[in-house]
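The model shown is predicted, which means the values in this text are computed figures rather than measured ones. All values below come from the heavy atoms of this structure, side chains included, with hydrogens, waters and symmetry mates left out. Numbers here are sequence positions counted from 1.
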Amino acid sequence: MADFQTSTHRAKWILTPQTLAEKYKSVNQRAVQMLEKYGTTQVEVDPSGTLSYPTHKGDTGDHADKKLKPLSVEEEQFMRAFYEAKLQEVCSAFCFPHKIQATALQYFKRFYLQWSVMQHHPKEIMLTCVYAACKIEENHVSAEEIGKGIQQDHQIILKYEMAVLQSLEFDLIVYAPYRAIEGFVDDMEDVLKAATAETDKIMLTDAPLLFPPGQLALAALRMANGIVGAVYFDRYLENIVARPNSGHTVSELTNLLDAIESLVKNYKFPSEKDMKHINRKLKSCLGHSAHDESRKREKKSKHKSHRSSNDTPNGEMMG
């Protein structure tokens, strides 16, 4: 944990709840303003990372004469939640280590501190984050392999790579709670498996943007211990705060763990109905017309006999 104390992760990417809420509101407002001014929120990206913003209000097809409805902050949260869960599914399907999954999730979360999902579709950013995490964690998998495995165009992954890295401010070293768990479980081996599952839940919430990994790990262990009942956890916390450089009292640490657990308990995952509604709004914001969607459905119908979405880890991924 000593390295974390001097890391950019700690210095730049652990936020207060107020700051996090303000960032989500700010990126949403910028996209709303873009939609009102130009009739689209789409920001084009080329492989060098150069961004192209709309410069005039163009024809948005079937939506040209209608007032486009932007996504709300809450709907953006649902969209991110949906694709964060998909990211975990993709990593699991490829049998990637938890460290890659955690790094990719952190990249994804950090990217959308800078951008609205209305400006860059999360499906494309999700895949690019997985690819970037594989590279930084030295688990070399090509963009072609990832694209082929989930039947997506790997060129999209490569196109967004530089834009993602720039949005991360090239802070690529991520500290995940999984390794920290191992340091806490010398006397809690029975809860390791359960704690890993609880950590998976924590990683889908805003907690990685609000708390350091050691606290996330302790929260996962306490939640798991509540299920398994392996140790007297209050005494375990007393031993933790008694260590040099702890920096917290038992009461303070308990409040922090309560806050993390509350995020897990209050975590909302979008329903299929939610996603269909939000996805329709997102497509209109990005300038995709109903005619385009009709042609896409017709094309899919013609080729339905040649592929099944159930054969890939991305089978349920929203377009």
Side-chain angles (χ1 to χ4, degrees), residues 1 4-32 70-85 87-88 102-119 122 125 129 167-169 171 173-178 180-181 195 198-224 226 237 240-241 246-270 274 278:
M1 298 302 292
F4 171 76
Q5 297 301 323
T6 58
S7 68
T8 57
H9 185 154
R10 181 176 185 271
K12 295 170 57 177
W13 299 102
I14 301 294
L15 313 176
T16 65
Q18 180 180 359
T19 300
L20 182 59
E22 288 172 352
K23 284 183 176 291
Y24 285 146
K25 183 178 179 180
S26 177
V27 297
N28 177 266
Q29 289 178 338
R30 288 201 301 269
V32 170
L71 273 64
S72 66
V73 173
E74 292 75 19
E75 288 172 330
E76 288 210 56
Q77 176 66 44
F78 269 164
M79 182 64 77
R80 292 194 305 270
F82 180 86
Y83 281 100
E84 286 175 0
L87 187 154
Q88 286 189 335
T103 298
L105 272 171
Q106 286 277 23
Y107 287 174
F108 185 89
K109 290 176 183 292
R110 293 179 184 182
F111 181 88
Y112 285 109
L113 295 177
Q114 320 294 333
W115 297 99
S116 163
V117 301
M118 292 183 280
Q119 294 171 304
I125 300 305
C129 289
S167 296
L168 299 176
E169 300 177 16
D171 294 333
I173 303 301
V174 167
Y175 292 81
Y178 298 100
I181 284 178
E198 296 300 324
T199 302
D200 285 344
K201 298 177 185 177
I202 289 172
M203 291 301 293
L204 291 175
T205 72
D206 284 334
L209 297 172
L210 298 170
F211 301 92
Q215 291 174 11
L216 302 182
L218 272 178
L221 287 169
R222 190 179 71 163
M223 292 161 65
L237 285 184
I240 293 293
V241 300
S246 168
H248 294 291
T249 65
V250 171
S251 177
E252 290 171 341
L253 190 54
T254 297
N255 288 337
L256 292 168
L257 302 187
D258 287 344
I260 295 171
E261 188 166 349
S262 177
L263 287 172
V264 174
K265 289 180 178 178
N266 295 319
Y267 175 75
K268 294 181 180 179
F269 187 76
D274 289 328
I278 296 169

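- Between Q88 and E84, the side chains place no donor N or O within less than 3.5 Å of an acceptor N or O (distance only, hydrogens not considered).
- Here the CG atom belonging to D206 is positioned 4.0 Å from the OH atom belonging to Y24, to the nearest 0.5 angstrom.
- Remark: the backbone N or O of F4 is paired with a side-chain donor or acceptor of S7 at under 3.5 angstrom.
- In K268, the NZ atom is not crowded: 12 or fewer heavy atoms of neighbouring residues, nucleotides or ligands sit closer than 6.0 Å.
- Counting all heavy atoms, side chain and backbone alike, D171 lies closest to K12 at OD2-NZ, 2.6 Å.
- The CG atom of L204 sits 4.5 Å away from atom OH of Y267, with the distance rounded to the nearest 0.5 Å.
- Listed by chain and residue number, E198 satisfy the side chain to side chain donor-acceptor pair (under 3.5 Å) test with K201 (two or more places apart in sequence, or in another chain).
- Partners of D258 by side chain to side chain donor-acceptor pair (under 3.5 Å), not counting sequence neighbours, listed by chain and number: R222.
- In this structure, the side chains of V174 and R110 come closer than 4.5 Å at one or more pairs of heavy atoms.
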**OP:** Check step by step if side-chain contact (heavy atoms from CB on, under 4.5 Å) holds for L87 and Y107.
**Re:** CA-CA 11 Å; L87 187 154; Y107 287 174; over 6 Å; no

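- The heavy-atom pair separating Q215 from L256 by the smallest distance is NE2-CD1, 3.5 Å.
- Rounding to the nearest 0.5 Å gives a distance of 9.5 Å between CD1 of I278 and CD of E76.
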**OP:** Go through W13 and L113 one step at a time and tell me if the side-chain contact (heavy atoms from CB on, under 4.5 Å) criterion holds.
**Re:** CA-CA 10 Å; W13 299 102; L113 295 177; 3.9 Å; yes

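- Nearest heavy atoms, I260 versus A207: CG2-CB, 4.3 Å.
- Remark: T254 OG1 to E261 CD distance equals 11.0 Å, nearest 0.5 Å.
- In summary, of the residues considered (Q29, R30, E22), a side-chain hydrogen bond (donor to acceptor under 3.5 Å, both in side chains) with S26 occurs for R30 alone.
- The structure places CG of L237 at 12.5 Å from CD of E252, a figure rounded to the nearest 0.5 Å.
- Residues passing the side chain to side chain donor-acceptor pair (under 3.5 Å) test with T103, sequence neighbours excluded: E137.
- Exactly one of K23, R80, Q119 qualifies for a side chain to side chain contact (heavy atoms under 4.5 Å, CB included) with Y112. That residue is R80.
- Side-chain N/O atoms of D200 and Y178 include a donor and acceptor closer than 3.5 Å.
- Residue Y175 comes nearest to Q106 through the heavy atom pair O-NE2, 4.3 Å, listed as atom of the first residue, atom of the second, then distance.
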**OP:** Evaluate the criterion side-chain contact (heavy atoms from CB on, under 4.5 Å) for residue pair N28 and M118; output intermediate values, then yes/no.
**Re:** CA-CA 8 Å; N28 177 266; M118 292 183 280; 3.7 Å; yes

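- For the residue pair A217 and P177, the shortest heavy atom distance occurs at CB-O, 3.6 Å.
- Pairing each heavy atom of A220 with each of A195, the nearest pair is CB-O, 3.6 Å.
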**OP:** Check the pair H9 / I173 against side-chain contact (heavy atoms from CB on, under 4.5 Å), numbers first and verdict last.
**Re:** CA-CA 7 Å; H9 185 154; I173 303 301; over 6 Å; no

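- To the nearest 0.5 Å, the span separating CG on L210 from OG1 on T19 amounts to 9.5 Å.
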